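Accompanying notes for the structure given below.
Computed from a prediction, not measured in an experiment: that's the story for all the values here.
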Amino acid sequence: MLTSTDSINQTLLERLAVYRQKGLLRQLRIADEAVDFCSNDYLGLARSSQLKQAIQQANAEHSSLRTGATGSRLLAGQTTLAQEVEQKLALFYGTEAALVFNSGYDANIGLLACLPRKGDTLLTDELIHASMIDGARLSYAARHRFRHNDLVDLKAQLEGASQPQNGQIFVAVESVYSMDGDVAPLRELADLCDEYGAALLVDEAHATGIYGSENGVNGEGLVTALGLQNRVLARVHTFGKALGVHGAAIVGPAVLRDYLINFARPFIYTTALPPHSLLAIRCAHDQVRADSSALQQLHHQLTYFRRQVAEKLPGSQWSTSQSPIQCLIIPGNDRARRVAAAAQATGLDVRAILSPTVPVGQERLRLCIHAFNTIDEIDRLVDVLQKALAENTTL
């Protein structure tokens, strides 16, 4: 006789079988020895011996601290260290206040779920990250999507939303989009938001550490690089990508911080980051501030890669990206998977992004160029892609 658990397990197996049949089944894969063209460790800080030593030294100097936060920030998790780190982050990102979250996913869910309220309107770019989508779904505001980076479509929706009977309008975008690596027209977005009295929310996950003031040396993000800090209500900066550690922060005016402390459920109801994570966040920002050599090397390698692609893959289709995220469009899940497998067979960690994660016909290899990728590795990658594309010309 089948138990209720047996029945549920059978249902799960059947659902997985459907995914497997469609070629969509996700599985965890270790690629420790492969050449990294996949991760978001753009500056190589996650493997930086200098940063590792700085974190170890900071932990040694704070050996009396607990190993865990022991509670939420509203209970036992609030510490002098957490307060000092947030003050330093506010200074780094050129804003009044910062509030640390356990991850960028938590930060986006918390921000989008609690800021737009019932009676408000939330307008989101159609390509925002899943975490922003999930946060928007939890909000009681009326939500509408506008076409990606389409200012005409956004203006029309702002016109419709800016009626006397409606509440506050929020516009949510990414500064650098994770699947295409393209950037948002932030100046024009800020102009439209000012015109219609809307509040602009920007996820800086893939811009943190890569763009910033003084020609990008400091890594404060694209909003700061464009001088728009005072025209953006909230920015989400994540630390698990270019900064090579973990956690995230929402930065903005002090009143926003107070509001999030009271209404952002992922902040209120979770155990805070442990002290060693806070120390790592502080050390990573210190290193980015003090040393721009990794960023300069990244731009050098990226320029070389794009030059090689133009020379050796002239007929290939790429997303329009100047960021470390370089996407080779290979329509069809099967073909994209085969080209990725050809690269993996040569020891290169290259991953295919398949539909429905991206639209049908927009399947791709999402390649990330890093400061630590050598010229030889880049040459190998381009040569492998050239050969694999030639061998897989049909869908």
Side-chain angles (χ1 to χ4, degrees), residues 39-46 89-95 98 100-101 103-105 107-108 111-112 124-125 127-132 148-149 171-190 193 200-252 281 284-285 287-289 292 294-299 301-303 319-327 366-371:
S39 80
N40 297 319
D41 185 24
Y42 307 124
L43 299 177
L45 292 187
L89 291 175
L91 184 63
F92 183 95
Y93 292 108
T95 190
V100 169
F101 283 73
S103 71
Y105 204 103
N108 273 327
L111 181 70
L112 271 293
T124 63
D125 188 288
L127 296 187
I128 55 171
H129 190 264
S131 58
M132 301 182 82
H148 178 53
N149 282 347
V171 175
V173 301
E174 295 182 49
S175 57
V176 177
Y177 283 86
S178 59
M179 280 297 110
D180 287 312
D182 59 333
V183 301
L186 290 178
R187 284 199 183 96
E188 293 83 357
L189 287 167
C193 286
L200 184 56
L201 315 175
V202 181
D203 180 357
E204 293 260 51
H206 292 276
T208 303
I210 307 301
Y211 299 92
S213 59
E214 300 178 16
N215 298 318
V217 170
N218 293 330
E220 306 100 316
L222 194 57
V223 170
T224 297
L226 297 173
L228 300 174
Q229 307 91 294
N230 296 326
R231 301 175 66 190
V232 174
L233 174 62
R235 288 172 274 157
V236 176
H237 290 278
T238 62
F239 312 138
K241 296 178 174 62
L243 294 186
V245 287
H246 190 67
I250 298 176
V251 305
I281 291 169
H285 283 82
Q287 182 157 327
V288 169
R289 172 75 74 183
S292 64
L295 183 56
Q296 293 169 2
Q297 179 70 6
L298 171 61
H299 288 313
Q301 305 305 76
L302 183 56
T303 299
S319 61
T320 55
S321 168
Q322 300 297 320
S323 79
I325 303 169
Q326 298 288 304
C327 296
R366 181 183 182 273
L367 305 170
C368 291
I369 308 300
H370 311 92

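- Of the possible donor and acceptor atoms, one in the side chain of Asp41 sits under 3.5 Å from a partner among the backbone N and O of Leu45.
- Side chain of Ser319 to backbone of Asp180: a donor-acceptor contact under 3.5 angstrom is found.
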With side chain to side chain contact (heavy atoms under 4.5 Å, CB included) as the test, would you mind laying out the steps for Leu222 and Leu228 before giving the verdict? CA-CA 9 Å; Leu222 194 57; Leu228 300 174; over 6 Å; no
Decide side chain to side chain contact (heavy atoms under 4.5 Å, CB included) for Tyr42 and Leu295; before the verdict, give the C-alpha distance in whole Å, the side-chain angles of both, and the deciding distance to 0.1 Å. CA-CA 8 Å; Tyr42 307 124; Leu295 183 56; over 6 Å; no
Report the C-alpha distance between Ser178 and His129 in whole Å, list the side-chain angles of each, state the deciding distance to 0.1 Å, and finish with yes or no for side-chain hydrogen bond (donor to acceptor under 3.5 Å, both in side chains). CA-CA 7 Å; Ser178 59; His129 190 264; 5.1 Å; no
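- Looking only at distances, no side-chain donor or acceptor of Glu204 sits under 3.5 Å from a matching main-chain atom of Ser175.
- Between His206 and Pro324, the closest side-chain pair of non-hydrogen atoms is not below 4.5 Å.
- For the pair Leu233/Leu200, no side-chain contact is recorded, criterion being any heavy-atom separation below 4.5 Å from C-beta on.
- Side-chain contact check for Leu243 versus Val288: some heavy-atom pair is nearer than 4.5 Å.
- Residues Met179 and Ile325 form no side-chain contact, since every pair of their non-hydrogen atoms from C-beta on lies 4.5 Å or further apart.
- Tyr93 and His285 have perpendicular rings, their planes meeting at more than 60° on a 0 to 90° scale where under 30° would count as parallel.
- The minimum heavy-atom distance linking Ala248 with Ala107 is given by the pair CB-CB, 4.4 Å.
- In this structure the side chain of Ile281 reaches within 4.5 angstrom of the side chain of Leu89, judged on heavy atoms.
- The shortest side-chain heavy-atom distance between Thr208 and Lys241 does not fall under the 4.5 Å cut-off.
- Rounding to the nearest 0.5 angstrom, the gap separating the CG atom in Asn230 from the OG1 atom in Thr95 is 7.5 Å.
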Do Val202 and Glu174 pass the side chain to side chain contact (heavy atoms under 4.5 Å, CB included) test, and can you show the C-alpha distance, the side-chain angles, and the key distance before you say yes or no? CA-CA 5 Å; Val202 181; Glu174 295 182 49; over 6 Å; no
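- Between Gln322 and His299 the shortest side-chain heavy-atom distance does not fall below 4.5 Å.
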Just do the side-chain hydrogen bond (donor to acceptor under 3.5 Å, both in side chains) check on Thr224 and Arg235 with the steps written out, would you? CA-CA 10 Å; Thr224 297; Arg235 288 172 274 157; 3.3 Å; yes
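- Listed for the Gln326 side chain is no donor-acceptor partner under 3.5 Å among the backbone atoms of Cys368.
- The shortest heavy-atom contact between Leu43 and Ala371 is O-CB, 4.0 Å.
- To the nearest 0.5 angstrom, Leu111 atom CG is 4.5 Å from Ile250 atom CD1.
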Could you give me the CA-CA distance, side-chain angles and deciding distance for Asp125 and Tyr177, then say whether side chain to side chain contact (heavy atoms under 4.5 Å, CB included) is met? CA-CA 10 Å; Asp125 188 288; Tyr177 283 86; 3.2 Å; yes
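- Side-chain contact check for Ser323 and Ser321: at least one donor-acceptor pair (N or O, by modelled atom type) lies under 3.5 Å.
- Annotation: side chain of Cys327 is not in contact with side chain of Leu367 (no heavy-atom distance under 4.5 Å).
- When each of Asp203, Leu186, Val232 is checked for a side chain to side chain contact (heavy atoms under 4.5 Å, CB included) with Val173, only Leu186 meets the rule.
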